[in-house]
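These numbers come from a predicted model, not from an experiment. Counting starts at 1 for both ligands and their atoms, in listed order.
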Amino acid sequence: MRLADYTTVRLGGPARGFVRAGTEDELVDAVRTADAAGEPVLILGGGSNLVVSDEGFDGAVIQVATRGVTRDAGPGALTVAAGEEWDAVVARTVAEGLAGLECLSGIPGLAGATPIQNVGAYGQEVAETITRVRVYDRVAGDVLDLPNERCGFAYRTSRFRGSDRFVVLSVTFDLAVQVLSAPVRYAELAAALGVPPGGQVEGAEAREAVIELRQRKGMVIDPADPDTRSVGSFFVNPVLDAPALAAVEAAARARGGPGTRVPRFEVAGSGDGLVKVPAAWLIEQAGFGKGYNPGDGARISAKHTLALVNTGTASTAALLALARQIRDGVRDAFGVSLAPEPVLVGVTL
Ligand SMILES: Cc1cc2nc3c(=O)[nH]c(=O)nc-3n(C[C@H](O)[C@H](O)[C@H](O)COP(=O)(O)OP(=O)(O)OC[C@H]3O[C@@H](n4cnc5c(N)ncnc54)[C@H](O)[C@@H]3O)c2cc1C
C-alpha cells in the first residue's frame with residue numbers, strides 16, 4: 001500500500017506494515033504489539049493533516065477505524081470514538097439541538113485527531129467544548145482519562161501535538177443544549193449570516209453558512225475540485241508580540257506605502273498584547289498569490305493562499321520545495337518565520 005491513497009493531498013510512499021483497528025481493544029493491542037517489537041508507529045486518521053515522505057514510513061501504520069457515539073454523561077455531553085468521521089459528528093450535534101461545534105463544520109478527518117492540534121475555524125475551537133480525552137498512554141501502558149485542563153490546549157496545538165505518547169481513543173464534549181448556535185464571533189461568518197459579531201442564528205443555518213464559505217475557499221474535500229487536494233492550511237497564523245508586530249508594520253509600509261495596514265486578530269485570553277497576523281496576507285504581500293505555480297506539480301490553491309495543492313503530478317519533495325520558497329520569501333520580506341500546520345512524517349521543512 002502507498003500512503004498517498006490515505007492522505008487528502010494524495011502524497012506519501014509505502015508503509016512497511018498496515019493495521020486497521022476497528023475496536024478500541026484492537027487499537028490498543030496494535031499499538032502495544034508494535035511498541036513491544038520496537039517498531040515505529042504512525043497513527044492514521046483521515047490523513048487530512050499529514051505530509052508523508054516520498055520514501056514512505058518504515059514502521060507500522062495503524063489506521064483508527066473505531067466507531068460509536070454515546071450521549072449518557074449529561075444532557076449536552078457526547079462521547080465520540082476516535083474513528084468517527086468529524087463532520088458527521090458535527091452534523092449530528094446540530095441536528096440534535098446541541099451548540100458549540102457548528103462552526104467546525106466541513107473540516108475533514110476523524111474525531112480522534114481534533115484534540116491533537118485543537119482544531120479550530122470561524123471563531124470556534126474544540127478546546128472550548130472538550131471536557132475529557134480518553135487516551136492510551138504508551139509510556140505507562142495504561143488507558144486514562146485526561147480532563148481538559150491536562151490537555152495543554154492552545155492555538156492550533158496541545159500536549160498531544162509533537163509527541164507520540166498518547167493515542168486518542170475517544171473524546172467527550174459538553175455542548176449547550178439549544179437550537180441556536182453559540183454566539184458567532186468571526187466577522188466574516190457573522191456578515192454572511194447577516195448578524196452582528198456575537199449574534200446567534202439557528203445551528204443549522206450557521207453550519208450551512210460555514211460550509212458554503214469553506215467550499216468557496218476549497219476547504220471542503222471535493223474530488224471534483226482539484227483545489228481541495230491539500231492538507232488545508234499549510235502554515236499557521238504567526239502569533240506576534242508588540243515589537244515583532246511593529247517590525248512587520250514597518251516592513252509592510254516600506255513595501256506598500258505609508259497607508260499600509262497589517263491585518264491582525266487579538267489572541268483570545270492572551271492578555272499581553274499578542275496578536276495573530278494572517279499568514280495568507282503575509283504570503284500574498286511577499287509576492288505569492290493564489291494559483292502561484294512554480295511548475296513542479298505543486299501550486300498554491302486558486303481559492304486560498306494558505307493551501308498548497310498537489311495538481312496530480314507532485315511529489316512530497318515538490319510540495320515541500322514550494323513551502324520552503326514561500327516560508328523563505330515571507331521571512332525575507334517581513335522577518336517572520338512561518339511554521340507548518342500539518343504533521344510532517346519523515347520530512348522537515
Ligand atoms: C481541505 C482541508 C481543510 C481543513 N480545514 C481545517 C480547519 O479549518 N481547521 C483545522 O484546525 N484543521 C483543518 N484541516 C486540517 C485537518 O483536517 C485537521 O487537523 C484534522 O483534525 C486532522 O484529522 P485526521 O483524522 O485527518 O488526522 P490525520 O491527518 O490522519 O493525522 C494528523 C495527526 O494526528 C495524529 N492522530 C490522528 N488520529 C490520532 C489518534 N486517534 N490518536 C493520536 N494521534 C492521532 C496523526 O498521527 C498525525 O500526527 C483541514 C484539512 C483539509 C485537507
Side-chain angles (χ1 to χ4, degrees), residues 3 6-12 21 24 27-28 30-31 40-52 57 59-66 80-87 89-90 101 103-127 133-138 146 151 153 155-171 186 189 210-211 213-215 217-223 225-237 301 303-304 306-310 340-346:
L3 281 158
Y6 294 87
T7 56
T8 54
V9 71
R10 301 273 157 219
L11 294 174
E24 201 171 289
L27 181 53
V28 171
V31 176
V41 168
L42 173 62
I43 304 291
L44 175 69
S48 63
N49 214 26
L50 278 175
V51 176
V52 181
F57 184 71
V61 171
I62 301 175
Q63 186 187 35
V64 181
T66 56
V80 184
E84 286 285 337
E85 193 208 327
W86 174 249
D87 191 51
V89 173
V90 177
L101 300 180
C103 294
L104 305 176
S105 294
I107 298 178
L110 306 183
T114 59
I116 310 289
Q117 71 158 3
N118 180 19
V119 157
Y122 294 97
Q124 274 177 2
E125 53 185 27
V126 288
V133 180
R134 185 173 163 81
V135 295
Y136 172 63
D137 179 348
R138 293 170 66 192
L146 296 175
C151 295
F153 289 126
Y155 169 60
R156 243 19 111 250
T157 194
S158 73
R159 76 180 290 189
F160 310 117
R161 191 162 163 135
S163 153
D164 289 342
R165 176 170 172 181
F166 298 108
V167 180
V168 175
L169 304 176
S170 67
V171 187
Y186 202 79
L189 178 60
V210 166
I211 291 176
L213 285 173
R214 295 184 65 93
Q215 275 168 338
K217 298 176 187 174
M219 284 290 171
V220 177
I221 297 286
D222 174 359
D225 180 353
D227 276 319
T228 70
R229 205 182 293 124
S230 77
V231 288
S233 299
F234 197 94
F235 296 104
V236 287
N237 294 323
S301 159
K303 302 191 178 79
H304 197 305
L306 270 189
L308 306 190
V309 168
N310 169 11
E341 184 184 297
V343 173
L344 308 183
V345 177

What pair of heavy atoms forms the shortest contact from Val220 to Thr228, and how long is it?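 Smallest interatomic distance, heavy atoms only, reads O-CG2, 3.1 Å.
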Which atom pair, heavy atoms only, marks the closest approach of Gln124 to Leu101?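 Result for this residue pair: OE1-C, 3.3 Å.
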Take Asn237 and Leu306 through the side chain to side chain contact (heavy atoms under 4.5 Å, CB included) test and state the conclusion after the steps. CA-CA 10 Å; Asn237 294 323; Leu306 270 189; 4.3 Å; yes
Return the [atom1] to [atom2] distance between [X] and [Y], rounded to the nearest 0.5 Å.
X      : Y      : atom1 : atom2 : value
Ile211 : Ile107 : CD1   : CD1   : 10.5 Å
Ser48  : Tyr6   : OG    : OH    : 15.5 Å
Ile116 : Arg159 : CD1   : CZ    : 11.5 Å
Leu110 : Asn49  : CG    : CG    : 12.0 Å
Ser233 : Met219 : OG    : CE    : 4.0 Å
Glu341 : Thr157 : CD    : OG1   : 10.5 Å

Would you check whether [X] has a nitrogen or oxygen atom less than 3.5 angstrom from a nitrogen or oxygen atom of ligand 1?
X      : answer
Gly120 : yes
Gly46  : yes
Ile43  : yes
Gly47  : yes
Leu110 : yes
Pro108 : yes

Check the pair His304, Asp227 against side chain to side chain contact (heavy atoms under 4.5 Å, CB included), reporting the backbone distance first and the verdict last. CA-CA 8 Å; His304 197 305; Asp227 276 319; over 6 Å; no
Closest protein heavy atom (residue, atom, distance) for [atom]:
atom                    : answer
atom 17 (O) of ligand 1 : Ser48 OG, 2.8 Å
atom 4 (C) of ligand 1  : Arg214 NH2, 3.5 Å
atom 44 (N) of ligand 1 : Ile116 CD1, 3.4 Å
atom 23 (O) of ligand 1 : Ala113 CB, 3.2 Å
atom 33 (C) of ligand 1 : Val343 CG2, 3.8 Å
atom 42 (N) of ligand 1 : Val168 N, 2.8 Å

Apply the test side chain to side chain contact (heavy atoms under 4.5 Å, CB included) to residues Ile62 and Leu27: give CA-CA distance (whole Å), side-chain angles for both, the deciding distance (0.1 Å), then the verdict. CA-CA 8 Å; Ile62 301 175; Leu27 181 53; 3.8 Å; yes
Ignoring hydrogens and geometry, is there a side-chain-to-backbone donor-acceptor pair from Trp86 to Ala113 under 3.5 Å?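 No; zero donor-acceptor contacts below 3.5 Å.
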May I ask you to list the atoms of ligand 1 that are less than 4.0 angstrom from any heavy atom of [X]?
X      : answer
Ala121 : 8 (O)
Gly109 : 23 (O), 24 (P), 25 (O), 26 (O)
Ile107 : 6 (C), 7 (C), 8 (O), 9 (N), 13 (C), 17 (O)
Phe166 : 43 (C)
Thr8   : 53 (C)
Met219 : 1 (C), 3 (C)

Identity of the nearest option to atom 19 (O) of ligand 1, non-hydrogen atoms only, from Gln117, Arg156, Arg229, Gln63: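 The residue whose heavy atom sits nearest atom 19 (O) of ligand 1 is Gln117.
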Going by the closest heavy atom to atom 21 (O) of ligand 1, which one wins out of Asn49, Val119, Leu42, Val9?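 Looking at heavy atoms only, the winner is Val119.
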Just heavy atoms, cut-off under 4.0 Å: does Leu50 contact ligand 1 by side chain, backbone, both, or neither?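 Leu50 to ligand 1: contacts from backbone and side chain alike.
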Which bit of Thr7 is near ligand 1, meaning a heavy atom under 4.0 Å away: side chain, backbone, both or neither?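 No part of Thr7 comes within reach of ligand 1.
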Quick check: do Val133 and Phe166 have side-chain heavy atoms less than 4.5 Å from each other?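 Not touching, per the 4.5 Å side-chain cut-off.
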Please assess Ser230 against Leu308 for the test side chain to side chain contact (heavy atoms under 4.5 Å, CB included), listing each intermediate value before the final yes or no. CA-CA 6 Å; Ser230 77; Leu308 306 190; over 6 Å; no
May I ask whether Glu341 places a heavy atom under 4.0 Å from ligand 1?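 Checking ligand 1 against Glu341, which is what was asked, there is a heavy-atom contact under 4.0 Å.
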